[in-house]
Structure formats: structure tokens, C-alpha cells
Amino acid sequence: MFSRGGEPYFGFKGTTLTFWITVACGTDMLLFGYDQGLLGGVVVTPQFLQLLNLESRPTILSTVTAIYDVGCFFGAISVCFIGEPLGRKKCVLLGTTILSIGAILQITAFSLGQMITGRVIAGIGNGINTSTAPVWQGECSKASWRGKLIVIEMILNIFGFMMSNWVTYGFSFVDNGNSSVAWRLPLVLQFIFVFILYATVPWLPESPRWLMAKGKVDEAEQVLAAVEGTDGNDPWLITQSKDIQWAVQYEKENAVRWRDLMLGRSGGQAGTHTFRRLILGMGTQAMQQLSGINVTSYYLPTVLIESVGLSNSLARLLAACNSVSYLLFSLIGIPNVERWGRRKMMMYAAAGQFFCYVIITICIRYNEDLSIGYDTRRQWAKGSIAFFFLYYIFFGIGWQGVPWLYPTEINSMAMRTKGAALGTATNWIFNFMVVEITPPGIASLHWRFYIIWVVFNFAFIPIVYLLYPETAGRTLEDIDRYFTGHAPLLVFLDKEAIQETRPQKFSEREQTEYRRNSSIVSGIINPAALPGSSYEKERDSREEMV
């Protein structure tokens, strides 16, 4: 543990320490975004296509791009097994090291085989990191900050995406894309983010909830005190520590084995709704990819060239400009993720995305109709560009951050690492599917290819409304308690389950515990807090109800 003058974490506490945790987790996601947008500019670079003999092989080209997502999938799955033994920090450092090896292989590639190998290895590292960083951030954050901080991470992801678009656009002018510098140097720039991770992660605190689960209560309370900027005698801290310990113990007593989960059994431990919570978390990640975002994130220059008919240079420029508007409008999610709640953000954004893809489909359909005059078709093509931009606005507000936040919140403590890993793995495998089918899909289906994303986006609205409980405003332990009680499958039937604000029963229970711990800390013997008192009986009955 790094310290200054005997104080851990170089003496940083409270907001300052939270800031540095966010820097590390945010850099992780920034690197993810940079990698995500990088190949979109690289795969239209002439020297890259010539060197790897990909000029007239769209299926192989899509595989080179999408194979990265396969690596990410296996990296995310590995966290199910290494996440709990290693902890959050060691997982991030391991993932960063593996990603660095893959990046070096890509930078130095002179053959298709080396490029594919580098893409897979880098993907494994990124899969580990993207499964771990949101969990680490969520478990080290106050409930009132958790949503905002993870949305900030996702906005940094967009910032990385924007950077890669402008970097590849700028380097496309190096010898008109006929120099290897045009694509190798953008790959080198990944190491800026790698160095930041190596410089911050080692001295930051481990997740207090992971420490509690490992029996390191004193160290966990020290981390909680540092994050809250208080001392170990704070009644609120004692209340939070006891709540986490309760969740740890409850999960141990109601644990469900992986073998039983895979077989759909939970036996006498069904009270935690473990499998349902896993599916909900995985579902947000699947829906994010099935919204069609990576049709454009990976291939927007290709889409604008082949579907809209723009020149290479103009397509690159518009993709870079689009990434700026994507970033700016995504900022709307930071102040509103707690105010609007997760459900509304997902439903309203899905409705907007549905509308955009309807118009895009119509515009491209008439752009491809050769019976219409050339000038008219150009007008339809220009109309589609506006709705590609608008699509990114809706996605950035509602679907960029929430799918990464939700698996961290909805899963129990015992399953949080596994749940986030499975959610991330789901994201990557659907990501792979979308990225793999897009070039041949556009080539063979033309405008009909976009109907797929119209249907999916419309379907997300009732799915979220019917099945997804609200997690905004709740502590992670509140959500655990909700799923130990009556939790109907159709959540819209339970008003408390879908309200944006914290349910009153959770607030009352926390205040009761806070007052009780305050009397103990202050040394006052409060008869109402003694075992057997009416206060104690009322508290116990309230806990049973919850």
C-alpha cells in the first residue's frame, strides 16, 4: 500500500481519492473506446489493405476487425474464474499487460496471421479490463455518485472513440494513406493510456466489498473511511460496514453453484433470484449491441462510402465530426442518470434509435433506387447522414453507459464479479456478431440490412418496461434486500420497483441503524436500542418485511 507520512493512498481521501479511482477506471474505458474506433479508420487505409491483401476480401476484412471481439469475449469469461481470487486491481493490471502484448503484435504486423493474433490477444486483455473496471468503480463509490461515475467512464469511452476517429483521419493524409505510418502510429498511441494505468492502479485502494468477502474487515473499513473522507468511528460508516457484512453472510448462506445455475436449478437458495439477476445484467449488454451501434462505430466510414456514396476523405471527416457530437450529447447522461433513472433512459433512447433507423432505412432505400434521378438520390443520401448523427445522440444519452452500470448494480455481491464478467462477455459476443455480419450484410442486403436494427430497437421498449427494476438511488445492499423479498417477474406491477427515488422502507431502515450506531459510538446507553426492547423488535420485524 502506497502511503505518505503514514497515511495510505498518498493521503488522498474522500472526493480526491474517488477522483483518482475514476481516473484509473476511466482510462481503462477510454482505451476501450480508442480501440473500438481505431479499426474503423484503419480498414479504409490503402497501405493496410494492400499489405494484408484485403482489398477485395470483405469477409476476411470483417473477420480481422471482429476477431478482436472474440478475444474480448474470452477475456471477459476468464474473469468469472480469476476475478474473485485476484481482486479488482490485479485483474486490471493483468488485463493491461496482456493488451499491451497484443498491441505490440499489431503494431509490428507484416502478415495477416500476426495481425489476427495480435487482435485476439489485445481483445483478451481488454475483455478482462472492461469486466473489472465498472465493478471496481461501483464498489468504491457512494450510491448517489455510482451512476454518474460509471456514466463518466462511458463518456471517456466515447472520448477515446472520438480520438481514434480524428487520429486516423489526420494520419490518412500521410502520403495519402500509402505509408504504414498512417495506421501503425495510431496503434502506438494506445500506450499513452497503458502508462497511465500502470502509474495509478497499483497505489489505489482495493474494493471494500471484495475485501469484506475475503474476511479482511479492518482493511475494508479503512477503505470505506478513506473513500468517505471520515474515520472508523463514524456511525454511518459502521452502518454501511454492517450492511455489507450482512450481504456477504446472506450470500454465503444462499450461494448457488455454477453447475446448478447452468442447469437452471437453485434448490433451496431460490430466494436470491441469482439466475434472473444474471440474465437481466446480460440482457442490457445484449440489447446495447443489438441496437446497431457497432454497425456505425466500427464501420461508419465504410457505411458512408458504400451505402451513402461519399468519398473516402469526406466519409472519414464526417465520422470524426459525428464522434464529437456523440461525445457532447452523451454528457447529458451525467446529471440525469440518477434523476431519470435507468429504465427511462433505456426506453426513451430505444424509441429515439428506432425512429432514426426507420428514417435511415427509408433514405438509403431511395438512394439505391436507380429509377430515381441522380440528384434526387443524393438528397435522400444526405438525409440519412443527419439521422446517423441523431442516432448517436440517443444512444450516447441512454445506451452508452447504463448497460455497463446495470450488471454491477443488479447482481448480488457474491455474483457481482461473475455477473459483470458474463454481461461484458455477452456484450463482446454480440459485438462480434454485429461486426462480422455488417460488411457482407451491406453488400448483399443493401438497404434491407438496416431493417434488422429497426425491429430490435422497437422491441427493447416493452422488454425494459416489463422486466427491468429500477436501480437508481439504491445502495447495492438495497438491491440485495429487494431480491430477498417479493420480487415479481413483471416489475411494472410493483410501483416501488420502478420508481426513480429510493423506496422509503430502505431509507427508514438505514436511519434506524444509523441512530442505533450513533448511540453506541457516543457511549450513550440507549434503552430503546437494547436487545428485547420494543425498538429492537420493531427493527427486527422491519428487516423481516424488507
Side-chain angles (χ1 to χ4, degrees), residues 27 29-55 57-58 60-62 64-68 99-112 114-119 121-123 126 156-196 294 296-306 308 310-327 385 388 392 435 438-439:
T27 300
M29 302 312 270
L30 194 154
L31 177 56
F32 163 34
Y34 186 85
D35 275 352
Q36 192 175 31
L38 191 60
L39 258 285
V42 167
V43 297
V44 291
T45 302
Q47 204 275 342
F48 175 84
L49 296 172
Q50 292 165 11
L51 178 68
L52 301 183
N53 191 25
L54 294 170
E55 291 173 293
R57 302 164 74 189
I60 301 298
L61 180 61
S62 66
V64 171
T65 306
I67 201 72
Y68 174 77
L99 186 150
S100 300
I101 295 169
I104 291 170
L105 287 172
Q106 292 176 75
I107 292 163
T108 59
F110 282 90
S111 69
L112 184 61
Q114 183 177 342
M115 175 57 71
I116 289 175
T117 302
R119 294 283 290 163
I121 293 174
N126 194 45
L156 287 170
N157 171 273
I158 299 170
F159 184 73
F161 173 75
M162 181 195 73
M163 284 180 62
S164 66
N165 275 273
W166 283 106
V167 166
T168 53
Y169 174 68
F171 278 98
S172 70
F173 291 100
V174 178
D175 196 19
N176 291 321
N178 293 310
S179 167
S180 65
V181 173
W183 63 271
R184 293 189 195 275
L185 197 53
L187 286 166
V188 171
L189 295 179
Q190 295 175 81
F191 281 92
I192 295 173
F193 314 122
V194 169
F195 294 147
I196 293 172
N294 279 319
T296 51
S297 287
Y298 280 81
Y299 294 118
L300 186 55
T302 303
V303 169
L304 293 176
I305 292 168
E306 296 189 11
V308 181
L310 302 184
S311 67
N312 186 299
S313 179
L314 182 57
R316 285 176 179 270
L317 178 60
L318 284 176
C321 291
N322 174 65
S323 66
V324 175
S325 68
Y326 182 24
L327 173 67
I385 294 170
F388 276 118
Y392 269 91
V435 175
T438 293

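All values reported here derive from a predicted model rather than from experimental measurement.
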How many angstroms lie between atom [atom1] of [X] and atom [atom2] of [Y], to the nearest 0.5 angstrom?
{"X": "Leu31", "Y": "Phe191", "atom1": "CG", "atom2": "CZ", "result": "9.5 Å"}
{"X": "Leu318", "Y": "Asn165", "atom1": "CG", "atom2": "CG", "result": "11.0 Å"}
{"X": "Ile104", "Y": "Leu187", "atom1": "CD1", "atom2": "CG", "result": "12.0 Å"}
{"X": "Ile121", "Y": "Ser100", "atom1": "CD1", "atom2": "OG", "result": "11.5 Å"}
{"X": "Phe32", "Y": "Asn157", "atom1": "CZ", "atom2": "CG", "result": "5.0 Å"}
{"X": "Leu30", "Y": "Ile158", "atom1": "CG", "atom2": "CD1", "result": "11.0 Å"}

Minimum heavy-atom separation for [X] and [Y], please, with both atom names.
{"X": "Ala103", "Y": "Gln190", "answer": "CB-NE2, 3.9 Å"}
{"X": "Gly118", "Y": "Leu105", "answer": "CA-CB, 3.7 Å"}
{"X": "Trp166", "Y": "Ala320", "answer": "NE1-O, 3.2 Å"}

Donor-acceptor contact present, side-chain [X] to main-chain [Y], <3.5 Å:
{"X": "Tyr34", "Y": "Met162", "result": "no"}
{"X": "Arg119", "Y": "Ile67", "result": "no"}
{"X": "Trp183", "Y": "Val42", "result": "no"}
{"X": "Gln114", "Y": "Gln106", "result": "no"}

Taking the side chain as every heavy atom from C-beta outward, state whether [X] and [Y] have any pair of such atoms under 4.5 Å apart.
{"X": "Leu52", "Y": "Phe110", "value": "no"}
{"X": "Leu51", "Y": "Leu112", "value": "no"}
{"X": "Thr45", "Y": "Ser172", "value": "no"}
{"X": "Phe48", "Y": "Met115", "value": "yes"}
{"X": "Leu310", "Y": "Ile385", "value": "yes"}
{"X": "Phe161", "Y": "Tyr326", "value": "yes"}
{"X": "Leu156", "Y": "Thr27", "value": "no"}
{"X": "Ser323", "Y": "Tyr392", "value": "no"}

Chi angles and distances behind the side chain to side chain contact (heavy atoms under 4.5 Å, CB included) call for Leu185, Ile107: CA-CA 8 Å; Leu185 197 53; Ile107 292 163; over 6 Å; no
Stepwise side chain to side chain contact (heavy atoms under 4.5 Å, CB included) check, Thr438 with Thr65: CA-CA 11 Å; Thr438 293; Thr65 306; over 6 Å; no
Verdict with supporting geometry, Met163 and Phe193, side chain to side chain contact (heavy atoms under 4.5 Å, CB included): CA-CA 12 Å; Met163 284 180 62; Phe193 314 122; 3.8 Å; yes
Parallel, tilted or perpendicular, as decided by the 30° and 60° cut-offs, for the rings of Phe173 and Tyr169: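 Answer is perpendicular, since the angle exceeds 60°.
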